[in-house]
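Comments concern the structure below.
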Amino acid sequence: MAYDFQMIEKKWQASWERNKREKNNSKPKFYCLDMFPYPSGSGLHVGHWRGYVLSDSLARYKILNGYEILHPMGWDAFGLPAENYAIKNKTHPAISTKKNIENAKRQLKEIGAVYDWDREVNTTDPEYYKWTQWIFLKMFEKGLAYEKEMPLNWCPNCKAVLANEEATNGICDRCGSSVTKKMLRQWMLKITDYADRLLEDLDLLDWPQKVKKMQADWIGKSFGASVNFKVWEKDLEIEIFTTRPDTLYGATFLVLAPEHELIKKLVSNEKKDEVEEYIKKASEKSYVDRMADKEKTGVFTGAYAINPLNKKKIPIWISDYVLADYATGAIMCVPAHDDRDFEFAKKFDLEIIEVIKDNKLINSGEFNDLDYDEARKKIIDMIEKLKIGKRQINYKLRDWIFSRQRYWGEPIPIIHCEKCGLVPVDEKDLPVLLPEIENYEPTETGESPLAKIESWVNIKCPKCGEKAKRETNTMPQWAGSSWYFLRYVDNKNKFCLADKNLLKKWMPVDYYVGGIEHAVLHLLYARFYTKFLYDIGVVDFKEPFLKLFNQGMINKNKTKMSKSKGNVVSPDDLVKKYGRDSLRLYELFVGPPELDCEWNDSGIEGVFRFLNKFYNFVCEYKNKLIDENKKLVIFRNKLVFEITRRIESLSLNTVVSGLMEFLNDLMDLCKNFGGVDIKTLENFIITLAPFAPHISEELWNLIGNEKSIFESEWPKYDKNNMQDDFVNIALQINGKLRGNISVDINLEREKIILLAKENLEKKLDGKEIVKEIYVPKKIINFVVK
RNA sequence: GCCCGGAUGGCGGAAUUGGUAGACGCGCUGGACUUAGAAUCCAGUAUCCAAAAGAUGUAUCGGUUCAAAUCCGAUUUCGGGCACCA
C-alpha cells in the first residue's frame, strides 16, 4: 500500500476538528504560546512555519505526557504594517486585514497544529480593543499615561511619529528612511517608573542570555552623582550627571546640549549670534546626521562655571554630542579620562588635568593617593555634605511614546474639554470605536486622519456637558500585543479582560516561541503591562513569560526570506507535493532550532522517503507480530530514552535524525527476526507522533487502535535495560585508533585488556607498554615507548 | 570601538560535554530491477596514495592531557547586538 499522505492528512484533520480534546482540570497545565503574527498580504512562508512547527511539536509532546495544554493563535492586526499594506493595495485596512487573516488562518490550519481556534483573538476586534483601551484608562488614572509636547522621531516617508524603539540609530524600522525631529503633542507611558523592576526581574526568567542582556542594556542603569556647578558672576546653577565623581577635580569645562534651557540666560552678548547659529544648525540636523558626525563640533557660550571642589573657573560650551534627553542634558568634562571630552578639548584647545595615575588620585586636593573606587565614595559624601549634589541613578530607558498619527489603531479613549481639560471616557462607554472613513491615509501635517471627521471628533464633555473634542491619535501596534496572552485564557469575557481564576489557572506562559527581533520591543512592553496589571490587582504574577525560545531564521540563498528579494519558499506547494508531515519534519530537520539555517528544497526529499519507509514498514510488519525478545526490548528502551532526551533539550533536528537512524536499525533487526513485537511498534509510532501527527494517527489506527494516538501516553523506558550483551571497544596505541574488539559486557577489566593485547599483538611487538588506560565500555589506550 | 555568538566533507549538519570525528539527510559515483523512465533497493563517498598498510584532518598558530572539534593562550574571519547615555 502506498503512503497516500493527501488522504491521510485530510482524514485526520477532519477527525481532530470533529473530536475536540476534552478539558480536564485534574491535569497539570502547560501554556505553549507562539508570538502571534500580523496578517500580512504575502501570507506565511516556510520561515514562519519553523516556530509554529516547533511549538506544536512541543505542545503535542506535552499532551502525550499528560498535560492539559493551552495552545492558541491570534492576530496582531492593527498598526503600520497592516495599514501600509492597505494603502499600497488601495483597499481599506479593515477589508484587507480580514482577507489576510483568512488566508493566514487557512495556511496555519495546513500545519495540522493543535491550535484551539475557539480562543482566537484579533487586536482589531472592538470586543478585544475595548480592553486595550481599558488598560490605557487605568494607566491614565494612575498617572502613568500623560501628555507632552516634545520633539519626536518623525519619519517623513511613513509620515508618522516613531517610538525610540522603532527608530534605532535614527533609521525608521519600517521603511529605512532617515528620521528627523518634529515638535508634537504626544501621549506618553511612564515605563521609566518600572525601569528597576524590569531590570531586576530579568533574574526570574529562563530566557536566552542574549535577550536578557539586550533588555538590560536597553534599560541602561548607571550609578553616579548629580552635581551643581555655579555659573560665574550669575545667579544660575547647572546640574550635571556623572558616573565618575572621582574625577571631579579634573573637570576643566562643561558642555550643554544645544537644547539646554539655561543657554539663553547665560550666553554672553558677544557670543549670542554664534551660539544661536550653532543651535539652529543642530536642530536642523537629523538624528542620524548628528550621530554620524565623527568630528566634534561646538561653540563657547562666553560664560564660566565654578568647579565646586577646586574652585577653578571653567568655560561653558555647547555641543551636540551631549544628548538633551539623557539625565540633565549637561555634562562636566574630564578630558584626561574620557575619550570624547579629550577629543573636544584637543579640538578647541581646552585645559587637560590628569587626576588619576596608577589607579590613585592625583591633583585632587585632600583626596590625593586614594584608590579611585574609594575616592568615588568619599567625593560623593563630600558633595552631599556640601549640599552641592547627591548620589544618583540614571537610566537610558525613556518613557514610551504611545500615540500615533495614524488611522489603523485603537483610538485613545480621552476627551479634550476646554473647561475640564483631559477627561477620560467612561468605562461603560468603551470601546471607543474606530470610525469608518474613506481617507485613512496619513496627513502631511502630522495630525491623525481621524481629526478630519468632525462628526466623530466633536462631542459633549461627559463631565460638564460643554463642547469638547475626542483625542484623535491612536495607539501603537504594541498596545494590543502587550497583553494578548492574557485574553486567550478567556477570550469571550464581556466583563473583564479575563477571568481571574482562569488567569490563575493558565498564566504565566510556560513556553513562548518567537523571533529574536522582539527582544527589546514587544517583550519589554509586555513585561511592563504585566507589572502594571499586577500592581492594580488584575493579575497575580509579575512576569508573563517564564521561558522564551527564539527560533532561528530560515534563509534562502544566504539571505533572509522576503517577498522583495524574491526568495520566498511557500509552504503551499511543498504541502501539495510531499504533505504536511514531511514539511513539518523538514522544518525541524533543517538545523538546530535556535540557529539560522539555509533552506534546501531537495532536503525535504529525505524526510519524505523516511515517512514512506516508515509507513511501508508498519504496513508490512503489523501482520508479522512476534513475541518481544531481549534485543527488541533493548532497542525500544534506547529509542524512547534517546528521543525523550533530545526533545527535552530541544534538539529537535536530532530527534528527526534519531528517528531515521532508529528506523534503519529496527528494519535490520526485524528482517533477522522475521517480525516485530507490538509494543516496539507502538512505541515507535508514538515517538513520531508529536512531529508527524497525521501519519502517526493513521498508523496507530492501522495497528488496531480506535482512539486517537494523542489519548495514549508517551512511552516509558527502563534505564537498566538499554545495554546489549556485547559492547564494542576501541583500541588505541598512543591515542591513535588501531583496532576494535567486541567483548561480553560482564567481562572483567583484566581479561578485556588481555584480549586487547592479543588483538594488537603485531602492532605492539617490540614496544614497551608504559601505561594502560581503560575507559569502561569505550576505549583502551596503550601508551608505548 | 565595546559586548555576545559562530567557523567541522561538495552541501545542511552529528558527536552522550575530554574518549573510535564526520551520525542522519542531501548531492554525487557504480550496480540491480525496467523496453525506457520514475520510484525502489544494494554498494561506495573527508584528504593523500593504484591499493593495502600508513599518514594527514574539525579556521590558523601554540599549550595542557594517555587522549582535544570539545579545555587554556594568541590570531584570522563571518554573523548579531550596542554605540557620543557622560
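Since the structure is predicted, the reported quantities are computational estimates derived from the model, not experimental observations. FYI, side chains are in, hydrogens and waters are out, and symmetry mates aren't considered; it's all heavy atoms of this structure.
Listed by chain and residue number, nothing satisfies the ring-ring contact (aromatic ring centres under 6.0 Å, His included) test with A:H260 (two or more places apart in sequence, or in another chain). Under the ring-ring contact (aromatic ring centres under 6.0 Å, His included) criterion, A:H337 pairs with no residue, sequence neighbours left out.
One finds no side-chain N or O of A:R738 lying less than 4.0 angstrom from the OP1 or OP2 phosphate oxygen of B:A53. Contact between the side-chain N/O atoms of A:S222 and the OP1/OP2 oxygens of B:A86 is found at a separation under 4.0 Å. Dashed line: the shortest gap from a side-chain N or O of A:K213 to OP1 or OP2 of B:C4 is not under 4.0 Å. Considering only side-chain N and O atoms, A:K736 lies nowhere under 4.0 angstrom from the phosphate OP1 or OP2 of B:G54. Not one side-chain nitrogen or oxygen of A:N734 sits closer than 4.0 Å to the OP1 or OP2 atom of B:A67. Phosphate contact (OP1/OP2 of B:A86, side-chain N/O of A:Y326, threshold under 4.0 Å): present.
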**OP:** Kindly indicate, with the supporting measurements, whether the criterion salt bridge (Lys or Arg N to Asp or Glu O under 4.0 Å) is fulfilled by A:E343 and A:K347.
**Re:** CA-CA 6 Å; A:E343 200 189 317; A:K347 179 153 179 194; over 6 Å; no
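Judged by the 6.0 Å distance and 45° axis criteria, A:K296 is not positioned over the aromatic ring of A:F344. Remark: A:K624 qualifies as a cation-pi partner of A:Y621 under the 6.0 Å distance and 45° angle criteria applied to the six-membered ring.
Of all nucleotides listed (B:A86, B:G13, B:C3), B:A86 comes nearest to the side chain of A:I331. When distances are taken from the side chain of A:T654 to each of B:A67, B:A86, B:A14, the shortest belongs to B:A14. Closest to the side chain of A:R645, from the set B:U16, B:A86, B:G19, is B:U16.
For the C1' atom pair drawn from B:U70 and B:G22, the interatomic distance equals 15 Å after rounding to whole Å. B:A14 and B:U64 have their C1' atoms separated by 27 Å, given to the nearest Å.
The main-chain N or O of A:A519 is found under 3.5 Å from a side-chain atom of A:Q215 such that the two form a donor-acceptor pair.
Nucleic acid contact for A:V775: base, since at least one base atom lies under 4.0 Å from a heavy atom of the residue. Residue contacts shown for A:R646 are absent, as no nucleic acid heavy atom lies under 4.0 Å away.
Screening A:W599, A:W49, A:Y578, A:F608 for a ring pair (Phe, Tyr, Trp, His ring centres under 6.0 Å) with A:Y586, the sole residue that qualifies is A:W599.
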Original post:
For nucleotides 24-29 of chain B, read 5' to 3', which letter fits each nucleotide if B means a protein heavy atom sits under 4.0 Å from the base, S means only the sugar-phosphate is that close, and - means neither?
Top reply: BSSS--
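Looking at A:K296, its side chain comes within 3.5 Å of the base of B:C84 through a donor and an acceptor atom. Between the side chain of A:N728 and the base of B:U20 there is at least one donor-acceptor pair of N/O atoms closer than 3.5 Å.
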